[in-house]
Participant: 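Shown below is the structure under consideration.
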Amino acid sequence: MEEIDRQILALLADDGRMSFTDLAKETGLSVSAVHQRVRRLQKRGVITGFAAQLDSREIGLPLTAFISIKPIDPAAPDDAPERLAHLQAIEACHSVAGDESYILKVRVASPNELEDLLQKIRAAANVATRTTVVLSTPWEARRPPL
């Protein structure tokens, strides 16, 4: 990947709403050249989308937890992600090495909602769970080094 593309990616990762005009000023390219490069990065799948970052506390979801899951029956099919996809409180699902099969990042409004969610996860995917509740988040969603 060219250095100028990395620069564009870094700028957009820091401010996804940056205009093509501002990107052009920062990179020294013309607006049309920046537009072409961004479009090419999207077509290649390097840029997968643009989204607003939400403050979970402000939208009523102050409790974050990580839930490690492993199948109760080790011979069962590895289909937990599909079985859990309908649960909107699950923000991320990561396949991991180790004792557990997946780690889920969840956001809920209260400890009672977390308890309800745990029951739904166990029932939907036939898994055992281990939960870690987040006390605070000094930083999150850092952009990758470019």
Side-chain angles (χ1 to χ4, degrees), residues 1-71 74 76-111 113-114 116-118 120-146:
M1 179 179 302
E2 294 180 38
E3 184 58 35
I4 195 71
D5 289 338
R6 290 183 187 281
Q7 186 180 2
I8 290 169
L9 291 172
L11 290 165
L12 287 173
D14 289 339
D15 179 3
R17 295 182 62 182
M18 184 175 265
S19 69
F20 290 125
T21 302
D22 290 339
L23 285 168
K25 286 178 188 173
E26 290 289 328
T27 59
L29 297 173
S30 68
V31 173
S32 63
V34 167
H35 185 61
Q36 285 178 327
R37 284 179 178 269
V38 169
R39 194 170 338 123
R40 190 171 358 147
L41 289 165
Q42 287 175 297
K43 284 183 182 177
R44 287 180 39 207
V46 177
I47 296 174
T48 58
F50 298 90
Q53 292 182 354
L54 308 177
D55 184 324
S56 59
R57 290 181 185 274
E58 292 295 323
I59 61 171
L61 301 171
L63 196 156
T64 301
F66 291 94
I67 302 170
S68 300
I69 64 172
K70 66 178 174 179
D78 184 13
D79 61 355
E82 292 82 11
R83 290 173 172 248
L84 299 173
H86 70 282
L87 298 172
Q88 293 299 309
I90 301 174
E91 185 175 300
C93 176
H94 303 279
S95 176
V96 296
D99 289 336
E100 286 88 10
S101 300
Y102 296 92
I103 295 178
L104 312 173
K105 180 180 180 182
V106 304
R107 293 189 194 268
V108 292
S110 68
E113 282 194 20
L114 178 59
D116 291 344
L117 179 62
L118 286 167
K120 289 175 184 174
I121 289 169
R122 290 180 192 126
N126 195 30
V127 293
T129 61
R130 185 173 54 89
T131 304
T132 302
V133 174
V134 174
L135 298 177
S136 69
T137 303
W139 45 263
E140 184 175 39
R142 292 172 64 172
R143 70 171 168 85
L146 296 168

Participant: Closest approach of A10 and L146, non-hydrogen atoms and distance?
Facilitator: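 Minimum heavy-atom separation between A10 and L146: N-CD1, 3.3 Å.
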Participant: Do other residues, nucleotides or ligands put more than 12 heavy atoms under 6.0 Å from the CD atom of Q53?
Facilitator: no
Participant: Do L54 and L61 have side-chain heavy atoms sitting under 4.5 Å apart?
Facilitator: no
Participant: If every non-hydrogen atom of A125 is compared with every non-hydrogen atom of R83, which pair is closest and at what distance?
Facilitator: CA-CD, 3.7 Å
Participant: What are the two closest heavy atoms between F20 and V31, and how far apart are they?
Facilitator: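 Smallest interatomic distance, heavy atoms only, reads CB-CG1, 3.9 Å.
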Participant: Sequence neighbours excluded, which residues qualify as side chain to side chain contact (heavy atoms under 4.5 Å, CB included) partners of S136?
Facilitator: P138
Participant: I67 pairs by side-chain contact (heavy atoms from CB on, under 4.5 Å) with which of I90, T132, L114?
Facilitator: L114
Participant: Side-chain contact, heavy-atom cut-off 4.5 Å: V46 with D5?
Facilitator: no
Participant: Is it the case that more than 12 heavy atoms not belonging to K105 sit under 6.0 Å from its NZ atom?
Facilitator: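 Counting neighbours around NZ of K105, more than 12 heavy atoms of other residues, nucleotides or ligands fall under 6.0 Å, so yes.
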Participant: Evaluate side chain to side chain contact (heavy atoms under 4.5 Å, CB included) for V108 paired with D116, printing each intermediate quantity in order.
Facilitator: CA-CA 10 Å; V108 292; D116 291 344; over 6 Å; no
Participant: Is atom CZ of R130 surrounded by more than 12 heavy atoms (other residues, nucleotides or ligands) closer than 6.0 Å?
Facilitator: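 Result for CZ/R130: open.
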Participant: Taking all atoms of both residues into account, what is the closest heavy-atom pair of D22 and M18, and its distance?
Facilitator: CB-CG, 3.7 Å
Participant: Just wondering, more than 12 heavy atoms not from R143 lying within 6.0 Å of its CZ?
Facilitator: yes
Participant: Compare every heavy atom of S95 with every heavy atom of Y102, then report the nearest pair and how far apart it is.
Facilitator: CD2-CA, 3.5 Å
Participant: Enter the distance from E2:CD to R40:CZ here, rounded to the nearest 0.5 Å.
Facilitator: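 Answer rounded to 0.5 Å: 6.5 Å.
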Participant: State, to 0.1 Å, how close S110 and L63 come at their nearest heavy-atom pair, and which atoms those are.
Facilitator: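 Of all heavy-atom pairs spanning S110 and L63, the closest is C-CD1, 3.7 Å.
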Participant: Can you tell me how far CG of L23 sits from CD1 of I8, rounded to the nearest 0.5 angstrom?
Facilitator: 6.5 Å
Participant: Does any N or O in the side chain of Q7 come within less than 3.5 Å of the main-chain N or O of E26, such that one atom is a donor and the other an acceptor?
Facilitator: yes
Participant: Can you tell me which residue pairs pass the salt bridge (Lys or Arg N to Asp or Glu O under 4.0 Å) test with a partner in residues 46-61, sequence neighbours excluded?
Facilitator: none
Participant: Please round to the nearest 0.5 Å and tell me the distance separating atom NE2 of H94 and atom CD of E100.
Facilitator: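 The distance works out to 14.0 Å.
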Participant: To the nearest 0.5 angstrom, please state how far the CD1 atom of I47 sits from the CG atom of L12.
Facilitator: 5.5 Å
Participant: Closer than 4.0 angstrom, basic N to acidic O: yes or no for D99 and K70?
Facilitator: no
Participant: From L87 CG over to C93 SG, what is the distance, rounded to the nearest 0.5 angstrom?
Facilitator: 11.0 Å
Participant: Mind checking whether T131 and V106 have side chains closer than 4.5 Å, heavy atoms only?
Facilitator: no
Participant: How long is the gap from CG on L41 to OG1 on T48, to the nearest 0.5 Å?
Facilitator: 11.5 Å
Participant: Just to verify, which of T129, I121, L117, V127 counts as forming a side-chain contact (heavy atoms from CB on, under 4.5 Å) with L104?
Facilitator: I121
Participant: With sequence neighbours excluded, tell me which residues meet side chain to side chain donor-acceptor pair (under 3.5 Å) with S101.
Facilitator: none
Participant: For the residue pair F50 and Q42, establish whether any side-chain heavy-atom pair is separated by less than 4.5 Å.
Facilitator: yes
Participant: With no hydrogens and no angle check, just 3.5 Å: does a side-chain donor-acceptor pair link S30 and S32?
Facilitator: yes
Participant: Can you name the one residue among E91, R107, E140 that meets side-chain hydrogen bond (donor to acceptor under 3.5 Å, both in side chains) with S56?
Facilitator: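 Exactly one pass, corresponding to R107.
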